[in-house]
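It should be emphasised that the depicted structure is a prediction, and the values quoted were computed from it without experimental measurement. Atoms within each ligand, like the ligands themselves, are counted from 1 in listed order.
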Amino acid sequence: MTADWRAETKPCAHCGAPFGPRLGESRARWATHRYCSSTCSHHESQGPRLNLTCAQCGALFWTGDRGQRFCRRACVVQWWQNEHARQRREMRDG
Ligand SMILES: [Zn+2]
Ligand SMILES: [Zn+2]
């Protein structure tokens, strides 16, 4: 048994990030993997994709959902915190 293949990486078919076999994954199984994460495989399996800009951090992200405005959940939270702070300021000032 050689451990060498566990050090191998290949580029994700979706985002291009290099990734290696997961813990406990067999070599044969890893060979069929094309994506670095379930998020990437999920994106690929969806229909037409859109390249959108996150309304919070400005990062580009791919989505199949035209209504999506944020690249990740942390950005949604951050945006709402900013929005609430803004509303409080407006209520106070005006
Ligand atoms: Zn990826
Ligand atoms: Zn973001």
Side-chain angles (χ1 to χ4, degrees):
M1 181 176 157
T2 169
D4 283 348
W5 68 272
R6 290 214 163 263
E8 290 176 16
T9 60
K10 56 185 173 184
C12 173
H14 176 67
C15 71
F19 69 102
R22 273 168 255 192
L23 212 63
E25 191 169 61
S26 73
R27 182 172 195 170
R29 197 184 155 109
W30 181 65
T32 67
H33 274 164
R34 295 176 56 217
Y35 307 106
C36 67
S37 62
S38 58
T39 311
C40 281
S41 67
H42 184 66
H43 278 308
E44 284 288 317
S45 67
Q46 288 189 343
R49 281 172 298 133
L50 302 153
N51 196 203
L52 301 178
T53 307
C54 177
Q56 171 58 29
C57 73
L60 288 172
F61 64 97
W62 287 97
T63 179
D65 179 1
R66 189 172 286 278
Q68 191 177 335
R69 294 174 60 200
F70 306 99
C71 67
R72 59 205 158 124
R73 180 128 193 97
C75 285
V76 181
V77 174
Q78 185 66 53
W79 188 86
W80 274 110
Q81 282 170 353
N82 291 346
E83 182 68 10
H84 284 158
R86 192 182 64 79
Q87 284 175 2
R88 270 203 303 276
R89 267 200 309 277
E90 278 181 3
M91 246 184 295
R92 193 187 57 208
D93 297 343

Query raised in the report: Taking side chain as C-beta onward, heavy atoms only, is Q68 less than 4.5 Å from L50?
Result: no
Report task. Could you check whether the rings of H14 and W62 sit parallel, tilted or perpendicular, using 30° and 60° as the cut-offs? Result -> perpendicular
Query raised in the report: Distance from R6 atom CZ to W30 atom CH2, nearest 0.5 Å?
Result: 10.0 Å
Requested in this report: Only pairs at least two apart or in different chains count here, so list each salt bridge (charged side-chain N to carboxylate O under 4.0 Å, His left out) that has a residue in residues 71-82.
Outcome: none
Query raised in the report: At the Zn ion (ligand 2), what is the angle formed between atom SG of C75 and atom SG of C71, rounded to the nearest 10°?
Result: 110°
Report task. Can you measure from CZ (F19) to SG (C36) and round to the nearest 0.5 angstrom? Result -> 7.0 Å
Query raised in the report: Where the Zn ion (ligand 2) is the corner point, what angle links SG of C54 with SG of C57, to 10°?
Result: 110°
Query - Pairwise side-chain contact, Q81 with Q56, heavy-atom cut-off 4.5 Å (strictly under) - result: no
Query raised in the report: Between F61 and N51, what is the shortest heavy-atom contact and its length?
Result: O-ND2, 3.1 Å
Report summary line: Near the Zn ion (ligand 1) (protein N/O/S, cut-off 2.8 Å, waters excluded) we have C12 SG, C15 SG, C36 SG, C40 SG
